[in-house]
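One-based numbering, in listed order, for ligands and for the atoms of each. Positions are given from 1 along the sequence.
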Amino acid sequence: MSLLFEPLQIGRLALANRIVIAPMCQYSAVEGTPGDWHMIHLGHLALSGAGLLVVEATAVSAEGRITPGDLGLYSDANEAGLARILKAIRTHAPIAVAMQLAHAGRKASSRAPWEGGAQIPSGAPDGWKAEAPSALPHAAGEEPPQPLDSAGLERVRAAFVQAAQRAVRLGIDGLEIHAAHGYLLHQFLSPLANRREDRYGGSLESRMRFPLEVFDAVRAACPAELPVWVRVSATDWVPDGWDIDGTVAFAHALKARGCAAIHVSSGGVSPMQKIPVGPGYQVPYAARVKAEVGLPTIAVGLITEPDQAESIIAQGEADAVCLARAMLYDPRWPWHAAARLGARVSAPKQYWRSQPREFKDLFEGAKTGQR
Ligand SMILES: Cc1cc2nc3c(=O)[nH]c(=O)nc-3n(C[C@H](O)[C@H](O)[C@H](O)COP(=O)(O)O)c2cc1C
């Protein structure tokens with residue numbers, strides 16, 4: 001029996017298995033609105049047999065986009081574009097779909113990776129002034145962001161709430177709040193990015209205040225049955241930066257507020273980071289959060305092999321595994337994992353005839369007949 005293919009409960013959301021497709025920016029939206037690329041991209045990932053598809057970082061405001069091409073959920077056009085895609089997915093795939101609500105903070109106004117990823121100056125036609133906890137740029141020599149004053153903080157909180165309300169209208173199955181990878185909420189948590197002297201900076205408790213306020217506001221805006229959870233960076237990988245002790249404290253505080261799960265990533269706040277990248281390199285952080293906090297925990301980062309994924313679940317290091325690059329490389333990864341682990345997986349009936357002869361019971365409910 002494969003434990004990877006056992007169902008998982010995240011709050012009141014039941015997942016068919018423990019494979020999560022990671023949020024992955026596509027930098028291909030227009031004014032935040034998804035188009036045919038998203039239909040193709042999310043459409044084929046939705047047919048993968050994974051238990052949960054997390055839509056890419058979705059900006060809660062235009063200023064909160066990383067690049068001009070980021071997906072957003074701040075306008076009626078954004079909402080209509082996503083409604084079209086979700087309707088198609090719902091028609092053809094049983095997968096649960098969550099959305100990652102995000103604000104880029106000081107990493108906003110950037111070029112897409114395939115254009116080099118540099119900061120776009122705020123005076124450029126396609127650039128804008130980034131906003132952040134403090135007037136500290138992400139990298140030396142970059143244009144500093146505008147520190148958020150109390151009206152700005154209220155505006156950002158409200159933007160998260162409005163985006164969450166739109167997501168609820170779209171019938172989304174779960175919401176992940178992006179507090180990782182050096183974006184706005186992580187910038188509040190990290191002493192490397194947050195030098196505020198008001199109640200939102202300084203002590204751990206004060207640095208956690210704004211991310212927790214955003215969580216509370218989003219949680220309160222959603223129906224009780226909709227799980228809301230948070231993606232965190234467990235460490236900045238920089239001395240004196242945000243670390244795993246802070247992450248455990250943050251996760252405890254989130255749990256007390258009704259957070260449904262924790263998704264444990266790392267890094268992103270500083271170009272000084274030194275990451276010992278290797279297979280499953282972030283899993284020990286997920287394991288510690290799971291052991292100490294007890295929330296359903298999702299591990300991510302160079303999880304590429306079915307046996308590796310199975311072992312992470314079997315050892316109790318995490319409750320679910322999340323894959324990004326491996327899913328782009330092989331969107332049928334869950335099928336291959338099920339075959340490898342002797343499990344069954346959902347596949348569209350149109351593809352049932354592809355079931356390999358040596359895996360006669362791979363696709364749930366598969367039957368074929370012809371005259
Ligand atoms: C193309 C691409 C886009 C990404 N976009 C996001 C994103 O929107 N939100 C996020 O939290 N992480 C994003 N990430 C990070 C992944 O979700 C994941 O944490 C990271 O790639 C490590 O997992 P992997 O080793 O399975 O790729 C992205 C990664 C890739 C490769």
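- The nearest heavy-atom contact from the protein to atom 9 (N) of ligand 1 is Q100 OE1, 2.8 Å.
- Polar contact check, V300 against ligand 1: no nitrogen or oxygen pair lies under 3.5 Å apart.
- With distances taken over non-hydrogen atoms, the option nearest atom 18 (C) of ligand 1 out of G268, C25, A324 is A324.
- Taking any N or O of H178, backbone or side chain, at least one lies under 3.5 Å from an N or O belonging to ligand 1.
- Note that the CZ atom of F215 and the CE atom of M208 stand 13.0 Å from one another [nearest 0.5 Å].
- Using a 4.0 Å cut-off between charged side-chain N and carboxylate O, E364 and K349 make no salt bridge.
- Contact check on E79 versus R84 returns no salt bridge, with no Lys/Arg side-chain nitrogen under 4.0 Å from an Asp/Glu carboxylate oxygen.
- Nearest heavy-atom pair across A130 and R106 is CB-CA, 3.9 Å.
- By the neighbour-count criterion of 12 heavy atoms within 6.0 Å, atom CD of E197 is sparsely surrounded, having that number or fewer from other residues, nucleotides or ligands.
- The protein non-hydrogen atom at the shortest distance from atom 10 (C) of ligand 1 is R231 NH1, 3.0 Å.
- A salt bridge links D198 to R196: one of the charged nitrogens lies within less than 4.0 Å of a carboxylate oxygen.
- Looking only at heavy atoms of the protein, atom 31 (C) of ligand 1 is closest to R325 CG, 3.5 Å.
- Ligand 1 places these atoms under 4.0 Å from at least one heavy atom of A22: 17 (O).
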Donor-acceptor pairs under 3.5 angstrom involving side-chain atoms of residues 90-99: please list them, not counting sequence neighbours.
| residue | atom | partner | partner atom | Å |
| --- | --- | --- | --- | --- |
| R90 | NH1 | D173 | OD2 | 3.4 |
| R90 | NH2 | G171 | O | 3.0 |
| R90 | NH2 | D173 | OD2 | 3.4 |
| T91 | OG1 | K87 | O | 2.7 |

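- Using a 4.0 Å cut-off between charged side-chain N and carboxylate O, E213 and R157 make a salt bridge.
- Taking only nitrogen or oxygen atoms, main chain and side chain alike, P23 reaches within less than 3.5 Å of ligand 1.
- With hydrogens left out, the protein atom closest to atom 29 (C) of ligand 1 is M24 CG, 4.1 Å, a heavy atom.
- Taking distance alone, with nitrogen or oxygen atoms compared against 3.5 Å, L302 approaches ligand 1 more closely than that limit.
- Taking every heavy atom of G301 and a limit of under 4.0 angstrom, the matching atoms of ligand 1 come to 22 (C), 23 (O), 25 (O).
- The pair R288-D245 meets the salt-bridge criterion, with a side-chain N (NZ, NE, NH1 or NH2) lying under 4.0 Å from an Asp/Glu carboxylate O.
- Not one N or O of E176 is nearer than 3.5 Å to an N or O of ligand 1, by distance alone.
- Outside the 6.0 Å centre-distance limit, the rings of F359 and W335 are not counted as a close aromatic pair.
- The N/O atoms of Q26, backbone and side chain alike, include none that comes under 3.5 Å of an N/O atom in ligand 1.
- Ligand 1 places these atoms under 4.0 Å from at least one heavy atom of L323: 26 (O).
- At a heavy-atom distance under 4.0 Å, no atom of M327 approaches ligand 1.
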